[in-house]
Every structure is written in structure tokens, then in C-alpha cells.
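Okay, structure first, notes after.
Positions are given from 1 along the sequence.
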Amino acid sequence: MVVRPADLAREHGISTQAVRNYERDGCLPPAERTRSGYRIYTEAHAEALRAYLSLVPGYGYAAGGQIMNAVHRGETDEALTIIDRGHGQLLRDRETLEAVRKAVDHLTVESEAGSAPSAERATRTVGELAHQLGVTPATLRNWEAVGIVVPARDPVTGYRVFRASDIRDAELAHLLRRGGYPLEHIATVVQQIRTAGGTDSLSQALDDWRQKLTERGLAMLDAATHLSRYLGLIDGPDRRA
């Protein structure tokens with residue numbers, strides 16, 4: 001059955017030029033041409049477009065394009081490998097979210113259980129904070145180098161001064177480090193906390209993060225249905241272009 005480019009575009013709320021671009025980029029199979037040069041799209045192209053656009057919310061434009069190109073080269077195993085990577089990343093994101101949630105909850109409980117710090121104990125030197133956490137001063141300096149902590153400097157001595165927010169960030173980093181997370185990853189998490197304005201504001205951000213991961217997982221399930229239908233239409237995994 002011949003499908004007009006306008007029909008393909010209208011179904012997804014995109015332009016006919018976008019449809020042609022997706023074909024050019026390998027997300028759709030090559031279309032045959034009439035003698036006058038017009039493209040001839042079929043139901044296979046319609047299913048390919050549905051499959052590709054369903055992949056985007058779960059895997060992103062780049063990975064979705066790679067998956068469809070692999071399918072059109074007949075390299076189904078390569079397409080499935082890319083899909084597996086996406087699921088692996090989603091699992092890692094879920095595990096990171098849970099680790100951050102536990103770390104933030106831990107810090108919140110400690111904060112509520114303890115009394116408000118006195119003026120004398122509101123800051124720490126690098127040695128004091130290292131002793132408090134059970135790490136070396138060199139470890140704190142490494143954390144500073146990657147942006148996990150950003151201590152101020154005493155205007156007289158030039159020594160590092162860790163304020164309450166620095167101590168919180170260092171405690172969170174220590175918890176995540178014990179969980180095996182790399183410093184660069186921890187630095188990103190800590191910066192997100194700073195942007196959120198502290199552990200209280202981060203709680204809503206974590207809820208939003210969890211919702212996005214849920215939506216991504218559901219999108220992956222939807223994409224699997226569309227891609228499976230398309231593979232069946234083009235004669236399954238043994239097809240070779």
C-alpha cells in the first residue's frame with residue numbers, strides 16, 4: 001500500500017521535510033522513486049517511522065537513529081546491543097537515584113538529631129573535617145580539585161575553611177564514595193544539590209528525577225512493541241538489506 005509523505009507527517013505532527021530527513025539519515029528504509037522522482041512510501045515506511053519516533057523518548061535521537069540504521073543494515077544484534085546499553089544506563093540511573101536518596105535522608109536525620117552548631121564549630125579546617133570523616137586531608141583536596149567541595153580561604157592565613165554547606169557536601173560525597181561511585185559522578189550530584197538549594201529542596205528534585213526515569217522506562221516498553229512490529233513486517237531478524 002502506498003502512503004503519502006503528508007500522511008506520514010500528519011500522523012506524528014511533523015513536516016514532510018522531516019520525513020525525508022529521517023529517510024536520508026537511515027531511520028527509514030530507502031524509498032523507491034517514480035519516473036518523475038517522487039518518493040514512494042509504503043506501510044513499511046510508516047511502521048519504521050513509528051518505531052523510530054517511539055525509540056526517541058526512551059533512548060534519545062542519536063541512539064534511536066543508530067538502532068534503526070543497524071536494523072536496516074540487517075544487523076539486528078547490533079541494534080539489540082544498543083538497546084541493552086540503554087537499559088543498562090537506566091538501571092545505573094535508578095541505582096544512583098536510590099543512593100542519593102539514602103544519602104540525603106541520612107544527612108537529614110543526622111541534622112534533625114543534632115543540635116544547631118555553635119559559632120565555634122560552624123566551620124572546620126581541612127584537618128578537622130578529615131578527622132571527622134575518617135579520611136585524609138589529601139582526600140579532601142582531591143575532592144576540591146573536582147568541585148565536590150569549594151572551601152573558602154582564611155583572609156589572614158590563606159588556609160582552607162569548610163563552612164556548613166561544605167561539610168554537608170563532604171559528608172554526602174563520603175557516603176557515595178563508600179558506595180563505589182566515581183568522583184566525577186559525585187561532583188555532578190553535589191552540584192545538583194547546590195543548585196536545588198540544599199537537601200530539603202533536593203527532595204522534590206529527586207521525586208522529579210524518579211518520575212522521569214519511570215517515564216523513560218515506560219517509553220522503552222512502548223518502543224519495544226513498535227520495533228518488534230516493524231521487524232516482523234520486514235521479515236524479522238534474519239532479513240538482510
Side-chain angles (χ1 to χ4, degrees), residues 55-67 78 80-111 123-154 158-217 219-220:
L55 287 165
V56 171
Y59 303 91
Y61 283 100
Q66 292 168 2
I67 291 167
E78 174 62 22
L80 294 176
T81 297
I82 300 169
I83 290 172
D84 290 343
R85 289 196 197 105
H87 285 278
Q89 182 61 59
L90 179 60
L91 178 58
R92 288 191 294 274
D93 287 348
R94 288 190 183 281
E95 291 172 342
T96 298
L97 173 63
E98 189 61 27
V100 173
R101 174 82 69 182
K102 289 180 179 179
V104 170
D105 289 347
H106 177 79
L107 294 182
T108 302
V109 169
E110 283 195 343
S111 176
T123 62
R124 300 283 192 280
T125 65
V126 64
E128 289 171 339
L129 183 55
H131 178 74
Q132 176 180 321
L133 298 177
V135 300
T136 66
T139 294
L140 289 176
R141 287 191 285 270
N142 287 338
W143 292 359
E144 181 183 359
V146 297
I148 293 174
V149 291
V150 286
R153 294 280 181 163
D154 186 290
Y159 293 155
R160 293 172 176 83
V161 178
F162 292 86
R163 299 149 298 188
S165 59
D166 300 309
I167 296 169
R168 177 204 67 198
D169 294 344
E171 289 174 336
L172 176 58
H174 189 42
L175 287 169
L176 293 175
R177 193 69 174 132
R178 291 206 307 270
Y181 291 93
L183 291 182
E184 293 77 8
H185 191 99
I186 295 172
T188 299
V189 171
V190 170
Q191 288 164 10
Q192 289 172 341
I193 291 179
R194 291 193 195 116
T195 302
T199 55
D200 290 341
S201 300
L202 182 65
S203 180
Q204 181 59 51
L206 293 178
D207 290 340
D208 293 343
W209 188 3
R210 184 184 298 278
Q211 179 61 31
K212 288 178 181 178
L213 294 181
T214 298
E215 291 172 357
R216 191 165 135 210
M220 288 178 171

**Message:** Would you call the rings of Y59 and H87 parallel, tilted or perpendicular, taking 30° and 60° as the class edges?
**Reply:** perpendicular
Contact check, side chains of [X] and [Y], non-hydrogen atoms, under 4.5 Å:
X	Y	answer
I167	E171	yes
T188	E184	no
V135	R177	no
M220	R216	yes
V126	Y159	no
E144	P151	yes

Between [atom1] of [X] and [atom2] of [Y], what distance do you get to the nearest 0.5 Å?
X	Y	atom1	atom2	result
L140	L129	CG	CG	5.0 Å
D169	W143	CG	CH2	10.5 Å
L133	R124	CG	CZ	9.5 Å
L55	Q66	CG	CD	11.5 Å
L90	R85	CG	CZ	16.0 Å

**Asked** Are any of the side-chain nitrogens in D166 or R160 under 4.0 Å away from the carboxylate oxygens of its partner?
**Response** no
**Message:** Once ring pair (Phe, Tyr, Trp, His ring centres under 6.0 Å) is applied, do any residues pair with H131, and if so which ones, sequence neighbours excluded?
**Reply:** none
**Request:** Verify the distance criterion only: is there a donor paired with an acceptor across the side chains of D207 and Q211 at less than 3.5 Å?
**Result:** no
**Prompt:** Considering residues at least two apart in sequence or located in another chain, which fulfil the side-chain hydrogen bond (donor to acceptor under 3.5 Å, both in side chains) criterion with T136?
**Reply:** T139
Exercise: identify the closest heavy-atom pair between [X] and [Y]:
X	Y	value
V150	R163	O-NH2, 2.9 Å
P57	A219	CB-CB, 3.8 Å
A187	V146	CB-O, 3.5 Å
A173	I148	CB-CG2, 3.5 Å
R94	L213	NH2-O, 3.4 Å

**Request:** Carefully, step by step, assess H185 and R92 under the rule side-chain contact (heavy atoms from CB on, under 4.5 Å).
**Result:** CA-CA 12 Å; H185 191 99; R92 288 191 294 274; over 6 Å; no
